[in-house]
Amino acid sequence: MIRIDSVTKRYPDGTVAVDRLSLDIPDRSITVFVGPSGCGKTTTLRMINRMVEPSEGSILLDGVDIQRQPVNTLRRSMGYVIQNAGLFQHRTILDNIATVPRLLGWSRQKARARAAELMERVGLDTALAKRYPYQLSGGQQQRVGVARALAADPPVLLMDEPFSAVDPVVRKGLQDELLRIQEELGKTIVFVTHDIDEAIKLGTNVAVMRTGGELAQFAPPAELLSAPADAFVEDFLGADRGIRRLSFFPSAGLELRTAPVVAVDAGAEQLAARASADTPYLLVTDLDGRPLGWSEPADAAQGVDRERLLPYGRPFVPGRDSLRTALDGAVLSPTGWAVAVDGEGRAVGVVSQQVIGEAIRAAHAAGHPHAKAAG
Ligand code: ADP
């Protein structure tokens, strides 16, 4: 654990960048520092690896004051990733990643083998190994930056706006990759961003800071969304808090109806038997069970007419997706019913907005969700 204990940083010109900050960063989780530009995030991160020394207070790593550890030993236990990756331009990708192992005295062969393994780990094609950084896209360079930071297998990873300079699609890929790496390797990650959505997506815990270097709130993302500490945090979180919070509720418990799901070759009689007062629409699937669209009640009597099917919106995968995705599917559907599919995209049932609404109320009544669902 990293304990930040009443730390203040005053720069020589008098600027108070961080003001009596105290919080505990638990092992094997992602702790995100978020806040407007200039609120002291980078200063805080750099105090953890002693690139910046605190003016007051102390930082403890596993109970030991980091001031009492040699800087080199400390930094070796902490990988560091920055915006634009900061790669060595005159070294190949493989040698960039192998930098720290080489400094630690590994043989060239062993360091390169490790580097190749890490390229795969961060989702880079090993065919890129002999290229130079300028021959890679921004997103690929960031992956190299992450691989380089992981090379000596440090328990801690410090990341300063690592994904801020890439476009939104690449950024989402990098975020998903980081979550996967964290799950596989169990690193203690401290992540700085000015983007609240990134903080909510990645953080196990999120520290919201305000200008002047004060901690405004430190909580798991679902708790930030449900109970912002004050008007500043609420404003910083932005609109749609309630809807966004639904991302943290799983869709697994939703009661699905299967009767209204019919194959495209169903006859008029079967259709009539399946339509009922509380599920007037029928979800028509192809012969593999993949949804095609909704059939209107009046149409059912004549059998399925593919031309007249209504769009079924965006289906959700129960258990994998959140209540937010399920609700979105129901809202997008012209029938007000969401379509549930399995991992292969085959319909497993349908669920009404009303049932989703009841699940939301039940989830709220059960208290703060701590587990994180995707989507
Ligand atoms: P953030 O990462 O949240 O944008 P920083 O930690 O970089 O914030 O900066 C916090 C405050 O400290 C800002 O007002 C910034 O201008 C100031 N600052 C940062 N580095 C220095 C420095 N070396 N000397 C003086 N002031 C600094």
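We count ligands from 1, going down the list as the structure has it; atoms in each ligand are counted the same way.
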Please state which option from K9, H194, K41 has its nearest heavy atom closest to atom 3 (O) of ligand 1.
K41
Considering only the protein, which heavy-atom contact is closest to [atom], and what is its distance?
| atom | value |
| --- | --- |
| atom 7 (O) of ligand 1 | T42 CB, 3.8 Å |
| atom 13 (C) of ligand 1 | G38 O, 3.6 Å |
| atom 26 (N) of ligand 1 | Y11 CD1, 3.3 Å |

Does some non-hydrogen atom of G40 fall short of 4.0 Å from ligand 1?
yes
D197 and R171 ion-paired at < 4.0 Å
no
Any donor-acceptor pair under 3.5 Å linking the side-chain atoms of [Y] with those of [X]?
| X | Y | result |
| --- | --- | --- |
| T42 | D160 | yes |
| R46 | Y80 | yes |
| Q142 | Q83 | no |
| T43 | Y11 | yes |
| R3 | S22 | no |

Is there a polar contact between ligand 1 and A17, counting only N or O atoms under 3.5 Å apart?
no
Where on V18 is there a heavy atom closer than 4.0 Å to ligand 1, on the side chain, on the backbone, on both, or on neither?
neither
How does T15 reach ligand 1, if at all, at less than 4.0 Å between non-hydrogen atoms: by side chain, backbone, both, or neither?
side chain
Side chain of E198, backbone of D195: donor and acceptor closer than 3.5 Å?
no
Please check: side-chain N/O of E177 versus main-chain N/O of R143, any donor-acceptor pairing under 3.5 Å?
no
Any protein heavy atom at under 4.0 Å, with atom 19 (C) of ligand 1 as the reference point?
yes
Heavy-atom protein contact below 4.0 Å for atom 16 (O) of ligand 1
no
Can you tell me if CZ on R306 sees more than 12 non-hydrogen neighbours from other groups inside 6.0 Å?
no
Which atoms of ligand 1 sit under 4.0 Å from any heavy atom of [X]?
| X | value |
| --- | --- |
| T43 | 5 (P), 6 (O), 9 (O) |
| C39 | 1 (P), 3 (O), 8 (O) |
| S37 | 4 (O) |

